[in-house]
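The next block holds one structure in the form of structure tokens; read it before the comments.
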Amino acid sequence: FHMSSRFWTGFFLLAFPLIAAAQASPLVKLDAQKIPADRKFAGQPRELVGVFGDPVEVNPDGHIHFYSTFSPDDKTLATVVHSKVQFWDMTGAEAKKGAGFKGGTGWVVAFSPDGKTLAMSGVEVTLWDVAAEPKVKLKLKTHERSALSVTYSPDGKTLAVGNYDGTVQLWDLTAPVPQEKAELKGHTAYATGIGFSPDGKLLASGSFDQNLFLWDLTQNPPRRQAS
């Protein structure tokens, strides 16, 4: 089906070995043939459009804003369709639908390393307490229109936010009130994909400008490595 190009741009970072190590995924339990394909929408042919069998609403322009990520313990999968967050219990033989909520204006999310907080992109970056019933903890201000990508450092002390204007913000989460501690500039288009190396010393940022930058976070301020 036709999907927003922003979604695909963010996915190129999965090839970066320091960010995403290969591992078995509970998604192998899925049988795509069993997902009903009875959705039909204006201007589009009949398509296979669903999340574990749940129909997905398609925007009038034919776009689907979709994102998914696992909790750190791999027991929960969070899916986001047009800003609606749905949790799935992946501990059994089949995915079991859990809590769901309308998350805001974005569709990219990231779990904190302890799995208790979910950061969500949008006009504001919203931090949700998901340890029990989901509720808003706080909101962080973004740059020029909205944030398009979010991710936590491995130690959970820093939140990186990729913005519509191409900047990447680094937020210090150790203070009672999170503070922006650095702003990384260099991209000339949307910063759609970001990821930390496992040791937290490097940050990769990708953009619609077709550049992938590596930032040395051991420097103050962080420095972009030469390509």
Side-chain angles (χ1 to χ4, degrees), residues 3-30 50-52 54 56 64-92 94-122 124-131 134-137 140 142 146-163 168 171 173 190-198 200 203-206:
M3 188 175 287
S4 171
S5 57
R6 294 179 185 174
F7 170 75
W8 292 111
T9 303
F11 255 82
F12 81 90
L13 283 177
L14 293 178
F16 185 52
L18 294 178
I19 299 174
Q23 59 181 344
S25 167
L27 287 179
V28 297
K29 302 173 184 176
L30 275 179
V51 179
F52 296 112
D54 274 10
V56 171
I64 299 173
H65 294 154
F66 176 82
Y67 194 83
S68 63
T69 189
F70 282 98
S71 60
D73 60 9
D74 287 333
K75 294 181 179 180
T76 301
L77 177 70
T79 60
V80 188
V81 180
H82 305 313
S83 304
K84 182 180 179 181
V85 180
Q86 180 65 57
F87 293 126
W88 302 86
D89 182 348
M90 303 298 291
T91 58
E94 296 183 359
K96 183 179 179 181
K97 195 172 186 177
F101 61 95
K102 177 66 175 178
T105 58
W107 64 89
V108 176
V109 295
F111 280 100
S112 60
D114 63 9
K116 295 180 180 180
T117 304
L118 188 76
M120 187 170 193
S121 66
E124 297 173 304
V125 173
T126 306
L127 301 187
W128 289 83
D129 182 347
V130 294
K135 60 182 179 180
V136 175
K137 291 176 62 175
L140 306 177
T142 61
S146 65
L148 300 176
S149 50
V150 290
T151 191
Y152 282 89
S153 61
D155 61 10
K157 295 180 180 180
T158 301
L159 182 71
V161 177
N163 291 306
V168 176
W171 289 86
L173 301 180
Y190 323 140
T192 52
I194 49 178
F196 285 92
S197 60
L203 180 77
S205 63

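Note that the coordinates shown come from a computational prediction; the quantities given were computed from them, not determined experimentally.
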* **Partner set under side-chain contact (heavy atoms from CB on, under 4.5 Å) for K96, not counting sequence neighbours** => D89

* To do: Could you check T79 against S68 for side-chain contact (heavy atoms from CB on, under 4.5 Å), going step by step and ending with a plain yes or no?
  => CA-CA 4 Å; T79 60; S68 63; 4.1 Å; yes

* Return the minimal non-hydrogen interatomic distance between S153 and P113, and the atom names on each side. => O-CG, 3.5 Å

* Audit row: F101, K84, side-chain contact (heavy atoms from CB on, under 4.5 Å) steps and yes/no -> CA-CA 6 Å; F101 61 95; K84 182 180 179 181; over 6 Å; no

* If only atom types and distance count, is the side chain of Q86 paired as donor or acceptor with the main-chain N or O of G98 below 3.5 Å? -> yes

* Only one of L173, T158, D114 clears side chain to side chain contact (heavy atoms under 4.5 Å, CB included) with Y152; which? -> L173

* Asked: At what distance, to the nearest 0.5 angstrom, does CH2 of W88 lie from NZ of K97?
  -> 5.5 Å

* Asked: Does T76 use its side chain to pair, donor to acceptor, with the backbone of S71 at less than 3.5 Å?
  -> no

* Asked: Does K102 NZ have over 12 foreign heavy atoms under 6.0 Å away?
  -> yes

* Please report the shortest heavy-atom distance between I194 and A160, naming the atom on each side. => CD1-O, 3.2 Å

* Structure fact -> S205 and V168 have their tightest heavy-atom pair at CB-CG2, 4.0 Å

* For the residue pair G193 and S149, what are the closest heavy atoms and their distance? -> N-OG, 3.9 Å

* Only one of L118, T126, T151, V130 passes side chain to side chain contact (heavy atoms under 4.5 Å, CB included) with V109; say which it is. => L118

* Asked: Under the side-chain contact (heavy atoms from CB on, under 4.5 Å) test, which residues partner V108, sequence neighbours left out?
  -> Y67, S121, V150

* Structure fact -> Taking every heavy atom of T69 against every heavy atom of L77, the minimum-distance pair comes out as O-CD1, 3.5 Å

* To do: Given side-chain contact (heavy atoms from CB on, under 4.5 Å), test F70 with F111 step by step and report yes or no.
  => CA-CA 8 Å; F70 282 98; F111 280 100; over 6 Å; no

* Structure fact -> Minimal heavy-atom distance between M90 and D74, with the atoms involved, is CB-O, 4.1 Å

